[in-house]
Asks: 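Below is the structure I would like to discuss, written out as structure tokens.
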Amino acid sequence: MAKRMAVLVGCNYPNTPNELHGCINDVLSMQMTLVTRFLFDPNDIEVLTDAPGSTLLPTGENIKKALGRMIDEAAAGDVLFFHYSGHGTRIPSVKPRHPFRKDEAIVPCDFNLITDVDFRELVNRLPEGASFTIISDSCHSGGLIDKEKEQIGPDKVLQKGTSDFTHKTKTIPVDTILQHLSSLTNINTSDLSTHLLEIFGSNASSKFLLPQDEQQMLHPDSGVLLSGCQANESSADISGSGGEKKAYGAFSNAVQMVLKENSGALSNKEIVMLTRNVLQRQRVEQHPCLYCSDENATKAFLSQPQESISDT
């Protein structure tokens with residue numbers, strides 16, 4: 001019988017200058033949705049957060065180990081899912097042919113960046129016939145799987161307007177990351193890879209371990225990325241404007257709203273377009289994107305089981 005497995009990561013960075021408030025709420029809401037709507041077994045969902053008292057922090061190493069275990073356990077027909085809510089960043093490309101290009105990365109709680117190359121490697125390890133869907137509610141998340149085909153991409157920027165929400169962007173500039181890492185290594189260089197390799201060694205991103213050749217992409221490619229925004233945009237961490245409304249990531253919340261409003265199966269493309277409509281109504285200036293093969297664009301999000309549709 002096909003398995004349905006998930007890794008959910010929420011980083012709030014408590015008691016730091018980079019603190020967010022809604023990321024743990026995002027993944028806990030998704031955990032409930034996976035069980036009740038998409039029929040995931042709770043035992044097949046691994047949750048990593050930096051909540052006070054957490055025994056398994058979402059460090060770069062722990063996140064990659066959890067994802068690696070999930071890939072290793074996968075077989076044909078399995079549905080794999082990764083939801084990340086936290087900070088993202090853009091870093092200078094390490095490829096000699098792209099000296100002015102910026103690449104995408106997520107920022108675990110220990111700043112051991114996980115990059116687009118790491119996600120490409122995970123997708124390449126996926127057994128044929130399995131699927132791997134990623135929701136990244138983070139800044140600069142568009143393109144987070146290296147070389148994945150863009151299905152829904154850049155769009156016009158919304159006009160600025162008033163909003164009922166208090167926003168905080170889910171980005172950490174690369175200069176801030178460099179400053180933090182330099183304080184740990186005491187090495188006077190602006191080369192990001194030098195600091196990451198000094199601190200994390202072989203647990204650093206594959207992007208920094210060896211000179212990068214072009215990553216090979218296997219076909220058929222079963223990676224699906226639903227990004228909270230375009231590669232050059234920010235994603236919002238939102239606190240309600242009064243009462244006891246809990247904080248949340250704008251994109252994660254929009255996904256939950258779309259799922260509640262539509263009980264039937266939705267394609268990956270439909271999910272992204274409907275979340276764009278939600279965010280536009282809310283005057284949140286970010287544009288979710290979709291990266292996957294043509295075939296996967298029209299497939300049902302997380303291969304929603306028919307049983308869950310009939311039960312709603």
Asks: In the structure I gave you, are the side-chain heavy atoms of Val107 and Ile177 within less than 4.5 Å of one another anywhere?
Replies: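 Yes, side chains in contact.
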Asks: Closest approach of Val35 and Pro42, non-hydrogen atoms and distance?
Replies: CG2-CG, 4.0 Å
Asks: Indicate yes or no for a side-chain donor-acceptor contact from Thr33 to the backbone of Ser29 under 3.5 Å, with no hydrogens or angles considered.
Replies: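 Confirmed, Thr33 side chain pairs with Ser29 backbone.
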Asks: Do any side-chain atoms of residues 75-82 form donor-acceptor pairs under 3.5 angstrom with protein atoms, and if so which ones, sequence neighbours left out?
Replies:
residue : atom : partner : partner atom : Å
Asp78   : OD1  : Lys3    : N            : 2.7
Asp78   : OD2  : Lys3    : NZ           : 3.1
Asp78   : OD2  : Ala75   : N            : 2.8

Asks: Between Glu295 and Lys299, is there a side-chain N and carboxylate O pair less than 4.0 Å apart?
Replies: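 The answer is yes: the pair qualifies as a salt bridge.
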Asks: With rounding to the nearest 0.5 Å, note down the distance linking CD1 in Ile145 to SG in Cys292.
Replies: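 Going from CD1 on Ile145 over to SG on Cys292, the span is 9.0 Å.
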Asks: Carefully, step by step, assess Phe132 and Val224 under the rule side-chain contact (heavy atoms from CB on, under 4.5 Å).
Replies: CA-CA 6 Å; Phe132 183 25; Val224 179; over 6 Å; no
Asks: Can you spot which of Leu196, Thr189, Thr194 makes a side chain to side chain contact (heavy atoms under 4.5 Å, CB included) with Leu192?
Replies: Leu196
Asks: Assess the side chains of Ser227 and Ser136: does a donor N or O sit below 3.5 Å from an acceptor N or O?
Replies: no
Asks: Please round to the nearest 0.5 Å and tell me the distance separating atom NZ of Lys170 and atom CD1 of Ile172.
Replies: 12.0 Å
Asks: Assess the side chains of Gln151 and Asp294: does a donor N or O sit below 3.5 Å from an acceptor N or O?
Replies: yes
Asks: Under 3.5 Å, is there a donor-acceptor pair between the His140 and Glu233 side chains?
Replies: no
Asks: Which residues pass the ring pair (Phe, Tyr, Trp, His ring centres under 6.0 Å) test with Phe200, sequence neighbours left out?
Replies: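 By the ring pair (Phe, Tyr, Trp, His ring centres under 6.0 Å) rule, Phe200 matches no residue at all.
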Asks: Would Lys207 and Asp116 pass as an ion pair if we require N to O under 4.0 Å?
Replies: yes
Asks: Check whether any side-chain N or O of Asp237 sits under 3.5 Å from a backbone N or O of Thr169 as a donor-acceptor pair, and report yes or no.
Replies: no
Asks: With side-chain contact (heavy atoms from CB on, under 4.5 Å) as the criterion, how do Ile114 and Lys64 come out once you've worked through the C-alpha distance, each side chain's angles and the decisive distance to 0.1 Å?
Replies: CA-CA 8 Å; Ile114 302 177; Lys64 287 191 287 187; 3.8 Å; yes
Asks: Please check: side-chain N/O of Arg120 versus main-chain N/O of Leu144, any donor-acceptor pairing under 3.5 Å?
Replies: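 Checking the backbone N and O of Leu144 against the side chain of Arg120, no donor-acceptor pair under 3.5 Å is found.
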Asks: Would you confirm whether Arg4, through its side chain, and Leu302, through its main-chain N or O, come within 3.5 Å as a donor-acceptor pair?
Replies: yes
Asks: Indicate yes or no: at least one non-hydrogen side-chain atom of His83 is less than 4.5 angstrom from one of Val9.
Replies: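 No - every pair of side-chain heavy atoms lies 4.5 Å or more apart.
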Asks: Under 3.5 Å, is there a donor-acceptor pair between the His87 and Ser138 side chains?
Replies: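 Note: His87 and Ser138 side chains miss the donor-acceptor criterion.
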Asks: Within the distance-only criterion (no hydrogens, no angle test), does the side chain of Asn268 pair as donor or acceptor with the backbone N or O of Asn296 below 3.5 angstrom?
Replies: yes
Asks: Decide side-chain contact (heavy atoms from CB on, under 4.5 Å) for Tyr84 and Ile135; before the verdict, give the C-alpha distance in whole Å, the side-chain angles of both, and the deciding distance to 0.1 Å.
Replies: CA-CA 6 Å; Tyr84 171 77; Ile135 283 183; over 6 Å; no
Asks: Are a donor atom and an acceptor atom from the side chains of Glu121 and Ser206 found within less than 3.5 Å of each other?
Replies: yes
Asks: Give a yes or no on whether the backbone of Asn12 and the side-chain of Asp50 come within a donor-acceptor separation of less than 3.5 Å.
Replies: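 Yes, the answer is positive, given that a donor and an acceptor are paired below the 3.5 Å cut-off.
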Asks: Once rounded to the nearest 0.5 Å, what's the spacing between atom CG of Asp103 and atom CG of Leu113?
Replies: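 Output value for this atom pair is 11.5 Å.
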Asks: May I ask you to test the Ile91-Phe208 pair for a side-chain heavy-atom distance under 4.5 Å?
Replies: yes
Asks: What I want to find out is whether Glu73 reaches Arg69 closely enough, with some N-O distance under 4.0 Å, to be called a salt bridge.
Replies: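 No salt bridge links Glu73 with Arg69.
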Asks: By the definition side-chain hydrogen bond (donor to acceptor under 3.5 Å, both in side chains), identify the one residue from Asn25, Asp26, Thr49 that meets it with Ser85.
Replies: Asp26
Asks: Looking at side-chain heavy atoms only, is the closest gap between Val255 and Met30 below 4.5 Å?
Replies: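 With C-beta onward as the side chain, the pair touches.
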Asks: Side chains of Gln286 and Leu279, heavy atoms from C-beta outward: is any pair under 4.5 Å?
Replies: yes
Asks: Quick one: does Gln179's side chain have a donor or acceptor within less than 3.5 Å of a partner on Thr176's backbone?
Replies: no
Asks: Can you check whether Leu20 reaches Cys11 side chain to side chain, under 4.5 Å on heavy atoms?
Replies: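 Sidechains of Cys11 and Leu20: no contact.
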Asks: Please round to the nearest 0.5 Å and tell me the distance separating atom CG of Leu126 and atom CG of Asn124.
Replies: 9.5 Å
Asks: So which atom in Leu48 and which in Glu46 form the shortest heavy-atom distance, rounded to 0.1 Å?
Replies: CD1-CG, 3.8 Å
Asks: How far does CZ of Arg276 sit from CD1 of Ile152, to the nearest 0.5 angstrom?
Replies: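 Rounded to the nearest 0.5 Å, the CZ-CD1 separation comes to 6.5 Å.
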Asks: Under 3.5 Å, is there a donor-acceptor pair between the Arg281 and Asn277 side chains?
Replies: no
Asks: Among residues at least two apart in sequence or on other chains, which ones pass side-chain hydrogen bond (donor to acceptor under 3.5 Å, both in side chains) with Ser234?
Replies: none
Asks: So, taking the atom named CD in Gln256 and the one named CZ in Phe251, what distance separates them when rounded to the nearest 0.5 Å?
Replies: 11.0 Å
Asks: Would you check if Tyr291 and Lys149 make a side-chain contact, meaning some heavy-atom pair closer than 4.5 Å?
Replies: no
Asks: For a 4.5 angstrom cut-off between non-hydrogen side-chain atoms, does Asn262 reach Leu274?
Replies: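 When only atoms from C-beta onward are counted, Leu274 and Asn262 do touch, with a gap below 4.5 Å.
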Asks: When you measure from the side chain of Asp110 to the backbone N and O of Gly60, does any donor-acceptor pair fall under 3.5 Å?
Replies: yes
Asks: Can you establish whether the number of heavy atoms outside Glu261 located under 6.0 Å from its atom CD is more than 12?
Replies: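 Yes - once you tally the heavy atoms of other residues, nucleotides and ligands closer than 6.0 Å, there are more than 12.
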Asks: Would you say the side-chain atoms of Thr115 and Glu104 include a donor-acceptor pair closer than 3.5 Å?
Replies: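 No - no donor-acceptor pair under 3.5 Å links their side chains.
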Asks: Can a side-chain donor-acceptor contact be found between Ser239 and His21 if the only test is distance below 3.5 angstrom?
Replies: no
Asks: Hey, does the side chain of Asn62 reach the backbone of Leu57 with a donor-acceptor pair shorter than 3.5 angstrom?
Replies: yes
